[in-house]
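Numbered from 1 within each chain, the chains take letters A, B, ... in sequence-line order.
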2 protein chains.
Amino acid sequence: MTTRRYDPDRRDRIIDACLDLVAEVGVAGVSHRKVAARADVPLGSMTYHFAGMDELLREAFGRFARTVSDGFERRMREATDLDGARAAVVAIITEDLFGTQRDLVLTHELYTLAAREPAYRALTNAWMARSRAALERHFDPATARLLDALIEGLTIHRALDTEAPLPGTVTEAVRRVTTPR
Amino acid sequence: MTTRRYDPDRRDRIIDACLDLVAEVGVAGVSHRKVAARADVPLGSMTYHFAGMDELLREAFGRFARTVSDGFERRMREATDLDGARAAVVAIITEDLFGTQRDLVLTHELYTLAAREPAYRALTNAWMARSRAALERHFDPATARLLDALIEGLTIHRALDTEAPLPGTVTEAVRRVTTPR
DNA sequence: ACATCGAGCGTACGGACGTACACATCGCCC
DNA sequence: GGGCGATGTGTACGTCCGTACGCTCGATGT
């Protein structure tokens, strides 16, 4: 029989399907049924593995945040000196985060949830704490904080503003912020 | 008779009710019925005044963006010199935007829509263009751009990060970004 | 070989949703 | 004053939703 009984990755597959779906149609557009179809699991599996949509979303965004955060940390770890660190920050802004529509959308969906519900804020807190810690390998705490905010803002504006950015803008921004006086 | 026939503000009331509702339960949680109940209009009015939820949301967020943008512009217009402008930017970050949970949530809801659907990106574009123009009363274009991004990032981090900000952080950030070398 | 048990599934139910459309009510013009 | 477009409303329909729950069937121990 081709029954699928015993399939230990099922739970993971559901989470991944959920993330994909959120990226496509937004939190507003997901339903147990759509996720189930996308993950190719029976509807009943949804309530079996997750207490409700909220639990599923929290796990999905937890995974997402961890993934992005890992990339961030790697970039910063690979930088060996101050200029390298600056370059890494520029790369994060212009390549990593701007790169895929998917990550952009998911990030905003998460922020939106976090803005309203404290449960999700735990995820954003952890994420930001990791970013700051990674930056503090190379910069003093106050600068790390500013840099983190700057990364956020530049990323958003690059994504949500069709106006072409002036070349060198990002590099210049990083230089200013990382230059105390 | 207490019939409500002729009530020219009805359309506006619906839009306001929609914004309130979005702030409370998110775009994911709004429905024609809930908006109608909140605005105290019959369900039929919804489809009568708006072609669909999308049209309503676009109008609602258009109004919201314009309102916030007006405040921003006023702040910048009232500043008379460079230091005044810097102080105005600090005030925007620490008072205006961080002030109310409602505005925070609505901003993110809008960004989320804009991240996925180009139709909403027109709104964010216009908003950002106005911000930049207002900043350019006092700063050169490149700096205005950076400042705008910085405002964005600092606001978000203040809102989504429970870690208490170091005092003077914002002031220092604005000083660094507005000091070319 | 087979009994048992619990993990996992399919289905069916009640409710909320958006929308279409027939109808009520109004302002206006004669 | 009374008929008639235009404006606005109530309702009913089909769709899709989440979840509860009884049943199936594979794994395991003997």
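A:Ser45 has a side-chain polar atom (N or O) that falls below the 4.0 Å cut-off from OP1 or OP2 of C:dC9.
At a cut-off of 3.5 Å, with distance as the only test, a side-chain donor of B:Thr143 or A:Arg176 sits close to an acceptor on the other residue.
Here the P atom of nucleotide D:dG8 and the CD1 atom of B:Ile14 are 11 Å apart, to the nearest Å. The CZ atom of B:Arg10 sits 8 Å away from the P atom of D:dG8 (whole-angstrom rounding). Look at CG on B:Leu57: it is 14 Å from C1' on C:dG18, rounded to the nearest Å. Between the P atom of C:dG10 and the CE atom of A:Met46 lies a distance of 12 Å, rounded to the nearest Å. Between the CG atom of A:Asp40 and the P atom of C:dG10 there is a distance of 11 Å, rounded to whole Å. Here C:dT19 presents its C1' atom at 16 Å from NE2 of B:His49, a figure rounded to the nearest Å. Between B:Leu21 atom CG and C:dC17 atom C1' there is a gap of 14 Å when expressed in whole angstrom units. Separating the CZ atom of A:Arg11 from the P atom of C:dA7 is a distance of 14 Å, rounded to the nearest angstrom.
Comparing B:Ala51 and A:Pro42, the nucleotide of DNA chain C nearest to each residue sits closer to the 5' end for A:Pro42.
B:Arg58 is linked by a salt bridge (charged side-chain N to carboxylate O under 4.0 Å, His left out) to B:Asp54, counting only residues two or more places apart in sequence or in another chain. By the salt bridge (charged side-chain N to carboxylate O under 4.0 Å, His left out) test, A:Glu109 pairs with B:Arg116, sequence neighbours left out. Residues passing the salt bridge (charged side-chain N to carboxylate O under 4.0 Å, His left out) test with A:Glu136: none are found, sequence neighbours excluded.
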Please tabulate, for side-chain N and O atoms in residues 17-25 of chain B, each donor-acceptor pair with protein atoms closer than 3.5 Å (sequence neighbours left out).
| residue | atom | partner | partner atom | Å |
| --- | --- | --- | --- | --- |
| B:Asp20 | OD1 | B:Arg102 | NH1 | 2.3 |
| B:Glu24 | OE1 | B:Arg38 | NH2 | 3.0 |
| B:Glu24 | OE2 | B:Arg38 | NH1 | 3.2 |
| B:Glu24 | OE2 | B:Arg38 | NH2 | 3.3 |

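Under the salt bridge (charged side-chain N to carboxylate O under 4.0 Å, His left out) criterion, the residue pairs touching residues 83-94 of chain A are A:Asp83-A:Arg86, with sequence neighbours excluded.
Near-neighbour residues of DNA chain D inside residues 24-37 of chain A, defined by a heavy atom below 4.0 Å, number-ordered: A:Ser31, A:His32, A:Arg33, A:Lys34.
With D:dT11, D:dT7, D:dT19 as the choices, the nucleotide that has an atom nearest any side-chain atom of B:Tyr48 turns out to be D:dT7.
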